[in-house]
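Side chains included, hydrogens not; waters and symmetry mates left out as well; all remaining heavy atoms used. Numbers restart at 1 for each chain; the letters A, B, ... are given by sequence-line order, proteins then strands.
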Amino acid sequence: MTAREPMAMPSGLALCKHCGLLSKLMTTHETSYCLRCGNELSFRRHEAIQRTWAFIIAAAICYIPANILPVMTSITLTGAEDDTILDGVVMLYATGSWPLALIVLIASVMIPMSKLFALAYLLVTVQRRSLKSNRERVQLYRIVEFIGRWSMLDVFVISFTVALVQMKPLMAAQPQTGIVFFAAVVVLTLFAAQSFDPRLIWDSANSMENRNE
Amino acid sequence: MPDNPVACPDCDLLQHIPLLPSRGKALCCRCGKVLAINKPGGNERTLALAIGAAIVFVIANAFPLMGISAAGREVDTTIIGGAWAMWQEGNQLTAALVGLCAVVAPAGYIMVTMVVLVAARRYPSVPSWVGELLHWTKLAQEWAMAEVMMLGILVALIKIADLATVVIGLGMFAAGTLIALLAAMAINFDPEEIWTHVQWTDDGARLLANSTQTIDYQEAKK
Ligand SMILES: [Zn+2]
Ligand SMILES: [Zn+2]
């Protein structure tokens with residue numbers, strides 16, 4: 001069955017990640033370079049599983065202070081108030097713009113968290129050599145890649161709020177430490193998605209076949 | 001060379017891409033990944049769009065996005081103002097990230113794309129540094145987040161609208177146009193078409209010259 005689906009790596013062919021040229025890799029010991037663009041060739045992204053796990057764990061650690069620590073302080077005549085990411089969502093909801101509150105909640109809280117769970121799920125299934133729902137898993141990976149950038153939303157919201165609300169002593173806004181952790185979560189999850197190699201999902205079927213031969 | 005197989009970047013399946021009609025797409029038959037899109041004249045349109053985007057980018061960055069006024073005082077901000085405010089408040093890391101995604105990456109994407117397209121038109125055999133720049137257009141595109149920034153600005157505006165009167169500036173309209181132009185550039189850009197004309201490395205060129213028949217797979221340089 002799967003033998004009728006020829007894959008590049010078992011045939012000794014590697015796709016150049018820069019220019020898309022397909023090259024024959026003779027040995028796996030020496031470093032090979034693409035003949036068209038001169039970049040290093042490899043069958044799969046370099047240490048995809050370890051690197052993706054490392055970025056996921058780092059992002060998960062930063063996720064906690066990103067949500068607990070205040071990201072912004074609003075100073076008004078009546079005093080100063082520290083806001084976390086969730087406080088920002090609640091504030092938007094309270095002022096009557098629930099669609100925006102929902103967008104910020106999805107972009108800032110749900111997207112980073114679901115990205116972490118989705119990538120962890122993909123890694124675990126790849127490491128367990130799962131053969132099931134390959135197509136669904138590759139689609140899950142594409143969604144993760146596509147939505148990742150939208151978690152930057154709150155970083156922009158805070159930046160432009162700070163830039164505009166500068167009317168001391170009437171009102172002012174200052175960024176707080178939480179936003180650094182939040183930005184770190186966004187960047188680390190983007191790196192995590194880039195490190196993963198979706199072709200690993202399909203490799204299990206191949207290694208099963210080799211074992212049976 | 002339509003007979004050479006391609007490998008799907010998402011599932012590694014080897015397959016042949018048929019001759020595509022104009023605007024036709026080839027999908028991977030196993031995972032559904034778009035393997036090729038035939039975009040006749042795509043790069044010509046991309047160059048025109050990139051020139052437009054460069055002009056709009058300058059306007060979007062030169063004029064204020066928006067301002068607020070309260071109790072007789074006014075404050076306004078430009079795109080870089082968001083990053084600058086973070087920097088001044090001692091949040092340099094976030095400022096650098098905002099500057100990268102809002103200004104540096106979009107500017108780099110537009111400029112590098114223009115250089116690549118002009119070079120590809122000028123040289124019948126595209127020099128290898130263009131290939132290197134093609135890689136940079138991909139990186140810059142990944143980090144250019146004009147559309148996310150725009151939504152962020154809208155959310156910030158609605159938050160502030162309760163506290164002060166908000167005035168929309170020229171920069172905001174330019175930024176909106178810029179997002180449309182960047183999206184149109186991404187749709188029309190055809191790096192594959194340029195790659196087929198890029199000069200190979202010395203070893204690659206020798207191999208190409210020595211072979212008498214169509215090369216099936218290229219032996220990689222050791
Ligand atoms: Zn290459
Ligand atoms: Zn595929």
S.K.: Going by an N to O cut-off under 4.0 Å, is there a salt bridge joining B:E193 and B:K39?
M.R.: no

S.K.: Could you go through A:T73 and A:Q176, starting from their C-alpha distance and side-chain angles, then the distance that decides it, and tell me whether this counts as side chain to side chain donor-acceptor pair (under 3.5 Å)?
M.R.: CA-CA 7 Å; A:T73 305; A:Q176 292 297 333; 2.6 Å; yes

S.K.: Counting heavy-atom pairs under 4.5 Å to chain A, which of B:V198, B:L154, B:L157, B:V155 comes out on top?
M.R.: B:V155

S.K.: So, do A:L15 and B:P9 sit near enough that their side-chain heavy atoms are less than 4.5 Å apart?
M.R.: yes

S.K.: Under 4.5 Å from any heavy atom of chain A, what part of B:K138 do you find: side chain, backbone, both or neither?
M.R.: side chain

S.K.: Can you say whether B:D162 sits under 4.5 Å from chain A via the side chain, the backbone, both, or neither, judging by heavy atoms?
M.R.: side chain

S.K.: Do you know which of B:Q15, B:E89, B:M150 has the most heavy-atom pairs under 4.5 Å to chain A?
M.R.: B:E89

S.K.: Work out which heavy atom in A:R36 is nearest to a heavy atom in B:W200; give both atom names and the distance.
M.R.: CD-NE1, 3.5 Å

S.K.: Below 4.5 Å from any heavy atom of chain B, which atoms of A:L153 appear? Answer side chain, backbone, both or neither.
M.R.: both

S.K.: So which part of B:Q88 gets closer than 4.5 Å to some heavy atom of chain A, the side chain, the backbone, both or neither?
M.R.: neither

S.K.: Based on non-hydrogen pairs under 4.5 Å, which of B:L163, B:V148, B:N91 is most in contact with chain A?
M.R.: B:V148

S.K.: Measuring only between side-chain heavy atoms, which start at C-beta, is B:L14 closer than 4.5 Å to A:S11?
M.R.: yes

S.K.: Between chain B and each of A:D154, A:L200, A:V162, A:I158, count heavy-atom pairs under 4.5 Å; write down the option with the most.
M.R.: A:V162

S.K.: Is a side-chain donor or acceptor of A:S151 paired with a backbone partner of A:S108 at a separation under 3.5 angstrom?
M.R.: no

S.K.: Got A:T52 and A:E47 here, is their nearest side-chain heavy-atom distance under 4.5 Å?
M.R.: no

S.K.: Answer whether the closest heavy-atom distance between the side chains of B:T137 and B:F189 falls below 4.5 Å.
M.R.: yes

S.K.: Would one find more than 12 heavy atoms of other residues, nucleotides or ligands at under 6.0 Å from atom CH2 of B:W129?
M.R.: yes

S.K.: A:T125 vs A:Q127, test: side-chain contact (heavy atoms from CB on, under 4.5 Å). Steps then yes/no.
M.R.: CA-CA 5 Å; A:T125 53; A:Q127 285 178 310; over 6 Å; no

S.K.: Heavy-atom distance under 4.5 Å to chain B: side chain of A:M171, backbone, both or neither?
M.R.: side chain

S.K.: Report which part of B:I160 has an atom under 4.5 Å of a heavy atom belonging to chain A: side chain, backbone, both, or neither.
M.R.: side chain

S.K.: Using a cut-off of under 4.5 Å for heavy-atom pairs, which of B:E192, B:E147, B:E132 has the most such pairs with chain A?
M.R.: B:E147

S.K.: Select all residues of residues 178-190 of chain A having any heavy atom within less than 4.5 Å of some heavy atom of chain B, and report them by number, or 'none'.
M.R.: A:I179, A:V180, A:A183, A:V187, A:L190

S.K.: Is it the side chain or the backbone of B:D10 that comes within 4.5 Å of chain A heavy atoms, both, or neither?
M.R.: both

S.K.: Heavy atoms only: give me the nearest A:P112-A:A107 pair and the separation to one decimal.
M.R.: CD-O, 3.4 Å

S.K.: Using non-hydrogen atoms and a 4.5 Å limit, figure out which bit of B:V6 sits close to chain A: side chain, backbone, both or neither.
M.R.: backbone

S.K.: Out of B:G131, B:C8, B:G32, which one racks up the most heavy-atom pairs below 4.5 Å with chain A?
M.R.: B:G32

S.K.: Between B:D12 and A:R44, does any side-chain N to carboxylate O distance fall below 4.0 Å?
M.R.: yes

S.K.: Strictly distance-based, threshold 3.5 Å: is any side-chain N or O of A:T84 a donor or acceptor partner for the main-chain N or O of A:I68?
M.R.: no

S.K.: Do you know which of A:A163, A:P10, A:C19, A:A101 has the most heavy-atom pairs under 4.5 Å to chain B?
M.R.: A:C19

S.K.: Report which part of A:R135 has an atom under 4.5 Å of a heavy atom belonging to chain B: side chain, backbone, both, or neither.
M.R.: side chain

S.K.: Could you tell me if the side chain of B:M86 sits less than 4.5 Å from the side chain of B:L97, heavy atoms only?
M.R.: no

S.K.: Answer yes if the side chains of B:E142 and A:Q194 hold a donor-acceptor pair under 3.5 Å, and no otherwise.
M.R.: yes

S.K.: Check whether B:A96 gets within reach of chain A through its side chain, its backbone, both or neither, counting any heavy atom under 4.5 Å.
M.R.: neither

S.K.: Is it true that atom CG of B:L93 has more than 12 heavy atoms of other residues, nucleotides or ligands lying nearer than 6.0 Å?
M.R.: no

S.K.: Under 3.5 Å, is there a donor on one side chain and an acceptor on the other for A:S195 and A:R45?
M.R.: no

S.K.: Is A:T161 close to chain B through its backbone or its side chain, or both, or neither, when contacts mean heavy atoms under 4.5 Å?
M.R.: both

S.K.: Given side chains that start at C-beta, do those of A:W150 and B:L151 come closer than 4.5 Å, heavy atoms only?
M.R.: yes

S.K.: For the candidates A:N39, A:I201, A:V138, which exhibits the highest count of non-hydrogen atom pairs separated by less than 4.5 Å from chain B?
M.R.: A:V138

S.K.: Measure distances from A:M9 to the heavy atoms of chain B and classify the residue's part below 4.5 Å as side chain, backbone, both or neither.
M.R.: both

S.K.: Do the side-chain N and O atoms of B:S128 and B:Q199 include a donor-acceptor pair separated by under 3.5 angstrom?
M.R.: no

S.K.: Just to be sure I understand the criterion: a residue of residues 60-85 of chain B counts if one of its heavy atoms is under 4.5 Å from a heavy atom of chain A. Which ones qualify?
M.R.: B:L65, B:M66, B:G67, B:I68, B:S69, B:A70, B:A71, B:R73, B:E74, B:V75, B:D76, B:T77, B:T78, B:I79, B:G81, B:G82, B:A85

S.K.: Among the options B:A156, B:A161, B:A164, B:P191, pick out the one with the most heavy-atom pairs lying under 4.5 Å from chain A.
M.R.: B:A156

S.K.: What are the two closest non-hydrogen atoms of B:Q141 and A:R149, and how far apart are they?
M.R.: O-NH1, 4.1 Å

